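Only one structure is covered here, and it is reproduced in the block below.
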Amino acid sequence: MAAEGKTIDALSQFELTHALGPVGAAVNFTQSNAFMLIAAAVIVLLMTVGMAPRAIVPGRLQAAAETFYEFVENLVVGQVGHEGKRYFPFVFTLFMFVLLGNVIGLFPYAFTYTSHIAVTFGLAAIVFVLTTLVALALHGKKFFGYFFPEGAPLWLAPIIVPVEVVSYLSRPISLSVRLFANMVAGHVLLKVFATFVVLLGGLGIVGPLVATLPLAVNVLLIGFELLVAFLQAYVFAILTSIYLHDAVHLH
Amino acid sequence: MMKPMPLAGMLALLATSAARAVETAGGAMEETSTGGMPQLDFSNPLMLAQVVWMLIIFGVLYYVLANVALPRVTSVLEERRQRIEGDLEAARAAKAEADTAARAYQDATAKARADSQAAIAGALQAAQAEASTKNEALNARLAEQIEAAEARISTARDTAMAALREVATDTANAMVTRLTGLKQESATATAVQRQLAAQGRA
């Protein structure tokens, strides 16, 4: 996966391969899905084993689990209101799934499943379908009034309605591309500078000295990417909450 | 919300990030024959499989979290909230109890003070009354004694005055008899009587 000769191969890290040996190959189970399983296992373990003590004064693991719980709960209740509590498990699952995907992807040899537009678009599509269904279930036909704000002059309808429809339909695209692009850019940068370390390190006596520069950049980048990993999960969750707010309240 | 970020903008972002990725690849000869981003190679059957598995894993994760893991957290947090509220309630009750106890103590102290003051006043009054009666009795007895003494004194003086006249008369008679050799007792007695009366001692 590193530099082959004198080339920089920043994209092969995103290639899908089979995981779990012949069984995985038979059902097209990819290493991306394997890391999804790992992330899901980490989430479930954190929320069950971490909460197992059921302590009044929590320990570290329990405090971490409670922090995540309350963080997402405040986010959902803050955006949607108290009637949004029923959607809390969904937003929590989404937030943790994206967060763990981003963070686990930063480990060496790990695969970042959130760097695949298909995955992020799949998640965004779930959000889109869910919010639309919630809006239809709560408001019925009135939901379509969402595309034409009350009080706007009727002659503006031919302009407003298409704009609103396009903006509504573009939600899953913006949601998925934002996460995907952030993850890809971060991992490409990391890979490029890591390759620089290897390439420069081979340049005779001064090589190792010069190679420390891209190494230092990568150290800084890892910190930055941790921030981005959290931030993008947060953005994904809060946008989902905002869409749910629109679905529940129609503006 | 997302209206300022229209489709075109996001596509542009996608394009630039992809372009950046390809650019940073430095036009290197990649091992893969596709030459583009593997994420955009939708002809790869693994792409669809990945999404299908993702849906399955995400669904199971949602089910487990929503039905098993999160209710536990909710119950723990609820338990803690109730515990804290209960403790606060107990503290409030204890404070109220302490307040009533303090009030009762203050009431009792005030009552005891009033009682003792009343008792002191009563005792003082009784003592004063007793003292005044004793005083009166003493005064009465003393007045009686004074009266008796005065009576005694006046009788004694009367007798003394009577004795004085006799002595004076006798002395006067004796002196008259010695000087004149005459016995003129009645005249002397009258003279003595007159003299005593003149001196206010009759």
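Chain A is the first sequence line, chain B the second, and so forth, proteins listed ahead of strands; every chain is numbered from 1. Bear in mind the structure is a predicted one, so any value in this text is a computation, not a measurement.
Only the backbone of A:Ala55 comes within less than 4.5 Å of a heavy atom in chain B; its side chain stays farther off. At a 4.5 Å heavy-atom cutoff, the contact between A:Leu94 and chain B is made by backbone and side-chain atoms alike. Looking at A:Leu46, there are no atoms closer than 4.5 Å to chain B (heavy atoms on both sides), in backbone or side chain. The contact between B:Leu65 and chain A is made entirely by side chain atoms (from C-beta outward), counting heavy-atom distances below 4.5 Å. For a residue to count as touching a neighbouring chain, one of its non-hydrogen atoms must lie under 4.5 Å from one of that chain's; by this rule B:Ile56 does not touch chain A.
Highest contact tally toward chain B, considering only A:Met96, A:Glu73, A:Met47, is held by A:Met47 [criterion: heavy-atom pairs under 4.5 Å]. Chain B forms the most heavy-atom pairs under 4.5 Å with one residue out of A:His18, A:His187, A:His116, and that residue is A:His116. Among the candidates B:Val52, B:Thr74, B:Asn44, B:Asn67, the residue making the largest number of heavy-atom pairs closer than 4.5 Å to chain A is B:Thr74.
Side-chain atoms of A:Asn74 come within 3.5 Å of backbone atoms of A:Glu70 as a donor-acceptor pair (strictly under, hydrogens ignored). Remark: the backbone N or O of A:Ser115 is not paired with any side-chain donor or acceptor of A:Thr112 at under 3.5 angstrom. Here the side chain of A:Asn182 pairs a donor or acceptor atom with the backbone of A:Arg178 at under 3.5 angstrom.
A salt bridge links B:Lys134 with B:Glu130: at least one charged nitrogen is closer than 4.0 Å to a carboxylate oxygen.
With rounding to the nearest 0.5 angstrom, the CD atom of B:Gln39 is 5.0 Å from the CZ atom of A:Phe14.
Residue pairs meeting the side chain to side chain donor-acceptor pair (under 3.5 Å) criterion with at least one member in residues 85-111 of chain B, sequence neighbours excluded, are B:Arg81-B:Glu85, B:Glu89-B:Arg92, B:Lys95-B:Asp99.
Interface with chain B: from residues 56-67 of chain A, residues A:Ile56, A:Pro58, A:Gln62, A:Glu66 qualify, criterion being any non-hydrogen pair under 4.5 Å.
The six-membered or imidazole ring of A:Phe97 lies near that of B:Phe58, with a centre-to-centre distance under 6.0 Å.
Under the 30°/60° scheme for interplanar angles, the aromatic rings of A:Tyr69 and A:Phe88 are found to stand perpendicular.
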